[in-house]
Amino acid sequence: MSEKALICTVCESRYPFRTSFSRCPKCNEPLELEEIGTGSIKAEAYFNIFRRYGEFFPFREPYDELDLGEGMTPLVWTPALAKKYGIGAVAFKNETANPTWSFKDRGTATALRHAKILGFSRIGTVSTGNMAASVAAFGAKTGVETTILVSSDIPSEKLNPIAIYHPRLIRVHGDYSRLYSESLRLGEELGIYFMNSDVPFRVEGSKTIAFEICEQTSFRVPDFVIVPTSAGGNIRGIEKGFREFYKVGLIARIPTIVCVQAEGCSPIVKAFEKKSLVVERFSNPHTIAHAIENPFPPSGNQVLRVLNKNSGVALAVSDEEILAAQKELAETGLFVQPASASSLAALKRLVHDGALKSNHCVVCVLTGSGLKYTSVFQHYHLAVEECDISQLKPCLSHSIS
Ligand SMILES: [Zn+2]
């Protein structure tokens, strides 16, 4: 394969594959790897996304040594929920089954390959949640020096699951929102590959979510795919994955992509509703869905362009709706973090609004595990019975139903 270019999502300027900067120097908008328009699935390579979908990546070798077993996550069908909401079919792409329990591992593994090809010996990221843990874990696996920048007010509930991988972990005092661009700038200068939320090769990793959904639906793609959206890299990758499989003729259409955000931090939805093409900083963000609480998403404008081009949908759900959906998912056997539950909350809203019909198939992407935020338990009255061992028989004799 000839080397693919990185292309500006606005002015279409082309930059070499071996570019380490992630945004167009002219527009400051995200770069995206040139579409891969030929290729096929290597079906025999079942457990490895870089082998199975190798022809859709611009790498000359799979680099197995960088892997922790990311991807190939289950698509869980829930006939009971489909029946309850009067939809043809509902399935959940369970990204909590990744090595560090979130979708971020796909993008980390992909960006790590790019960093290796470019010869970087230091990597890093800016995150207080899923991405920090993911980069720290892959850094530990591969032995490259790994720096994680977090905000100074990060609670220990979030800090320790990053620290356990023993990266260089730095609490940065000052304006956290400036860290995204400041880290990219300093990374260029100092030779640290900052694999932040929407860098081009993180987006490339996310497209494998779409590839797997295609395969798991026997290439009869769903009508809607609902994606909790923060920085915008994941939803961009998922859309690109469907686009590439469409281009090579593996699927006949691209699903309607639904961007869901929390009402307490919904800059993309606000711009979408105003028919604006530019995302504005969301003031005073506050939501229980911390993993999608990004007041100024770096890929926000590109997400708007993608939604507008493909007749996509953007909507915001309240914390109450998110908590109700989280509980409902747990009672279906899927315990996810609040941000992930926003996808089911969005589905319910779309049903309410009449957008989903009895013949529709919907896939919700569950981005990260519920065990990441155990403080959420305080919102529920969780029942526990007690019994002395001598009373176990009478206790078990009656059924609760
Ligand atoms: Zn540009």
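Throughout, residue positions are numbered sequentially from 1 according to the sequence presented. Start at 1 and go down the list; that is how both ligands and their atoms are numbered.
Residues V303 and F272 have side chains not in contact (no heavy-atom distance under 4.5 Å, counting atoms from C-beta outward).
Protein nitrogen, oxygen and sulfur atoms, that is N, O or S, within less than 2.8 Å of the Zn ion (ligand 1) amount to 4.
For K116 (side chain) and A111 (main-chain N/O), no donor-acceptor pair under 3.5 Å exists by modelled atom type.
Considering all non-hydrogen atoms of both residues, L68 and P99 come closest at O-CG, 3.3 Å. Considering every non-hydrogen atom in both V126 and M131, the closest pair reads O-CE, 3.4 Å.
The line from CD of E244 to CD1 of I254 is 10.5 Å long, rounded to the nearest 0.5 Å.
Residue Y180 is tested with N294, N196, D198 for a side chain to side chain donor-acceptor pair (under 3.5 Å); the sole match is D198.
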